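In what follows, a structure is listed as structure tokens, so that the remarks can point back to it.
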Amino acid sequence: MDNPSIWQTRGAAAPAFSPLKGDVEADALVIGGGMCGVLTAHELKVRGLSVVVIDAGELGQSVTAHTTAKITAQHGFIYHRLLTGAGESTARRYAAANRRGVDRLCQLAAAEGMDCDFERLDAYAYVRDKDNLPLARRETEAARELGFPAELVQQTELPFPVAGAVRFPDQGAFHPLKFLYRLIDKLSSAGVRFYPNTRALHPEGGDWKDGVVRTEGGAIRARHILCCTHFPFMDKPGWYFARVWQQRSYVLALQGAPALKGMYIGYEEEEDAYSFRPYQDLLLLGGRSHKTGHEGQEAHFDRLAQAACSFYPDAQPTLGWSAQDCMTHDRIPYIGAYKQLSDRVYVATGFNKWGMTSSMVAAELLADAVTGVENSYAPAFSPERFDPWLKGKSFIIQSADMMADYIGGYMKLPKGTAADLPRGEGRIVEHDGEKVGVYRDGDDTLYTVKPYCTHLGCPLRWNADEKSWDCPCHGSRYDVTGHIINNPAVEPLRPGRGGRVQEGEAPAL
């Protein structure tokens, strides 16, 4: 059960739309009503297409609502890695596309009176360990070679010394939901149709190839279908389940911390790497990343709060929330035609924690692809690329990890029973020779589920921090009743006896 973010609690009134009822037609259907989907709808509308946008939940309330909303082309320590790994051509395309993405999104946020708390900020990627200072130097040189006005500094505003930090000037940040909802209002007035709480059903037979997407409320016929759902829920063609994995990270909003003039990200391989971003009277402190479904018993918010207390003893956490991000093996998103389904279907996924800028990049690339405009950056993001990840160490590690989670989960024996389960906790128990996932709420009601992901059958793990059942293989998440929180799963968990068992009853499948 995800905690609300600062964006959901401070001044962002969602536009009201009804779910789809009946059949509709459009030039383009965008599946996903977050930042990527809405920016894509905007680009398509600018090009003169009629557009429909649907979302399985409320608009903007999934990944977009839980970001730290940095608009930056500084994506950690990536550019030296791209130059030496993916090659100069790909590195230059990636850099140029993201530089343009920052400029375009900042222009949109600053233009037309959009009150979305937009501000220009410098971005820093820092290392704390002096042994990693050469990495910061190499990253600075790589960024300069690719056209960024980067510089290496050794003094920052952070509450601890750093060995070095790579500075990108004149980046940006904003309130993502204020921006998103104002853009939705504009698009709606211009004729774009929005249908929240309208889940696209998994493509059956040739529906999507024929330009038909079915929902529980009706069918949508479109010449072009664009899947902007964070993780593509129709992921088996193209092997996206093996090419993308999901990470969770955590954020605290601190009251009383000193104001920062820049935003910061630590080197991900250092244990004490954190993210910092100012917002109004608050400081957003992020960190404690891990693969979804792993370390679920660890108190990540508590450990982040301990770090906050160490950095800023006089500050107080006012809110804490988590985010889920899709990661790729070569750290480049997949954006383009989903040819395993149809030349009329497009996909955008794997934003590697940089969803704001990547959403703008994806919107332009997808709109150009739909309208037949050649985009020089497109080859770097092509979903057709395989060699970089298939040959890479990351692919081997993640695949071995997934198999260990899958096989190990089936072999692991349940511990304890439902009878001794404390309130507010969950665990997997054995009942009548079968494993059952059980959660006990504050009223002693037990909620039971079959603890296997409906995506590919991976055994689930209990996430004590967020009171959810998480899949360690591909990142699907479910609440205690079995409803989907995060895809790629499209079907809820099967409950035991209606999903609720009163005290004194036996949980059963």
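A quick note: this is a predicted structure, and the numbers were derived from the prediction, not measured.
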Straight-line distance of [X] [atom1] to [Y] [atom2], nearest 0.5 Å:
X      : Y      : atom1 : atom2 : answer
Ser322 : Asn3   : OG    : CG    : 7.0 Å
Gln61  : Leu180 : CD    : CG    : 9.5 Å
Cys326 : Trp245 : SG    : CH2   : 10.5 Å
Ser476 : Leu460 : OG    : CG    : 8.5 Å
Gln154 : Lys130 : CD    : NZ    : 12.5 Å
Asp117 : Leu177 : CG    : CG    : 11.0 Å

Side chain to side chain contact (heavy atoms under 4.5 Å, CB included) between Lys467 and Trp462, worked out: CA-CA 7 Å; Lys467 304 291 188 291; Trp462 174 248; 3.7 Å; yes
In plain terms, say whether [X] and [Y] are close enough for a salt bridge, that is, a side-chain N and a carboxylate O under 4.0 Å apart.
X      : Y      : answer
Arg100 : Glu364 : yes
Arg128 : Glu270 : no
Glu425 : Arg440 : no
Arg92  : Glu88  : yes
Arg104 : Glu43  : yes
Glu119 : Lys70  : no

Whether Tyr250 and His300 hold their rings parallel, tilted or perpendicular, with breakpoints at 30° and 60°: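 Parallel: the ring planes of Tyr250 and His300 meet at under 30°.
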Geometric class of the Phe160/Phe311 ring pair [parallel <30°, tilted 30-60°, perpendicular >60°]: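 If you compare the ring of Phe311 with that of Phe160, the planes turn out tilted.
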For the residue pair [X] and [Y], establish whether any side-chain heavy-atom pair is separated by less than 4.5 Å.
X      : Y      : result
Phe351 : Asp325 : no
Ser62  : Ile485 : no
Leu108 : His42  : yes
Tyr126 : Val166 : no
Lys353 : Gln247 : yes
Gln246 : Arg477 : no
Leu252 : Leu284 : no
Val449 : Tyr447 : no

Within the side chain of [X], is there an N or O that forms a donor-acceptor pair under 3.5 Å with the backbone of [Y]?
X      : Y      : result
Thr349 : His230 : yes
Thr64  : Met35  : yes
Glu268 : Gly76  : no
Ser310 : Gln306 : no
Thr9   : Ile6   : yes
Asp55  : Gly33  : yes
Asp479 : His483 : yes
Thr318 : Ala253 : yes

Pair Asn352-Thr328, side-chain hydrogen bond (donor to acceptor under 3.5 Å, both in side chains): steps then yes or no: CA-CA 7 Å; Asn352 298 290; Thr328 63; 3.2 Å; yes
Set of side-chain hydrogen bond (donor to acceptor under 3.5 Å, both in side chains) partners for [X], sequence neighbours left out:
X      : answer
Tyr94  : His75
Arg144 : none
Asp281 : Arg10, Gln255

Which heavy atom of [X] sits nearest to which heavy atom of [Y], and what is that distance?
X      : Y      : value
Pro232 : Pro488 : O-CB, 4.2 Å
Ala315 : Leu254 : CB-CB, 4.3 Å
Phe381 : Val361 : CZ-CG1, 4.0 Å
Leu133 : Ala163 : CD1-O, 3.3 Å
Ser275 : Ile265 : CB-CD1, 3.8 Å
Leu366 : Ala348 : CD1-CB, 4.1 Å

Side chains of Thr68 and Tyr279, donor plus acceptor under 3.5 Å: no
SG-SG under 2.5 Å, Cys471 vs Cys458: no
Verdict with reasoning, Gln74 to Gln171, per side-chain hydrogen bond (donor to acceptor under 3.5 Å, both in side chains): CA-CA 9 Å; Gln74 188 207 64; Gln171 307 295 287; over 6 Å; no
Does the ring center of [X] lie less than 6.0 Å from the ring center of [Y]?
X      : Y      : value
Phe179 : Phe118 : no
Trp7   : His66  : no
Phe148 : Tyr79  : yes
Tyr452 : Trp469 : no

Worked check of side-chain hydrogen bond (donor to acceptor under 3.5 Å, both in side chains) between Thr445 and Tyr439: CA-CA 8 Å; Thr445 299; Tyr439 169 74; over 6 Å; no
Worked verdict on Arg461 versus Asp470 for salt bridge (Lys or Arg N to Asp or Glu O under 4.0 Å): CA-CA 5 Å; Arg461 296 180 182 177; Asp470 296 0; over 6 Å; no
Residue among Arg277, Lys261, Arg167 satisfying salt bridge (Lys or Arg N to Asp or Glu O under 4.0 Å) with Asp122: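 Only one of Arg277, Lys261, Arg167 forms a salt bridge (Lys or Arg N to Asp or Glu O under 4.0 Å) with Asp122, namely Arg167.
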Among Asp441, Asp444, Asp443, the one residue meeting side-chain hydrogen bond (donor to acceptor under 3.5 Å, both in side chains) with Arg423: Asp444
Side chain to side chain contact (heavy atoms under 4.5 Å, CB included) between Lys450 and Val436, intermediate numbers included: CA-CA 5 Å; Lys450 189 169 184 178; Val436 182; over 6 Å; no
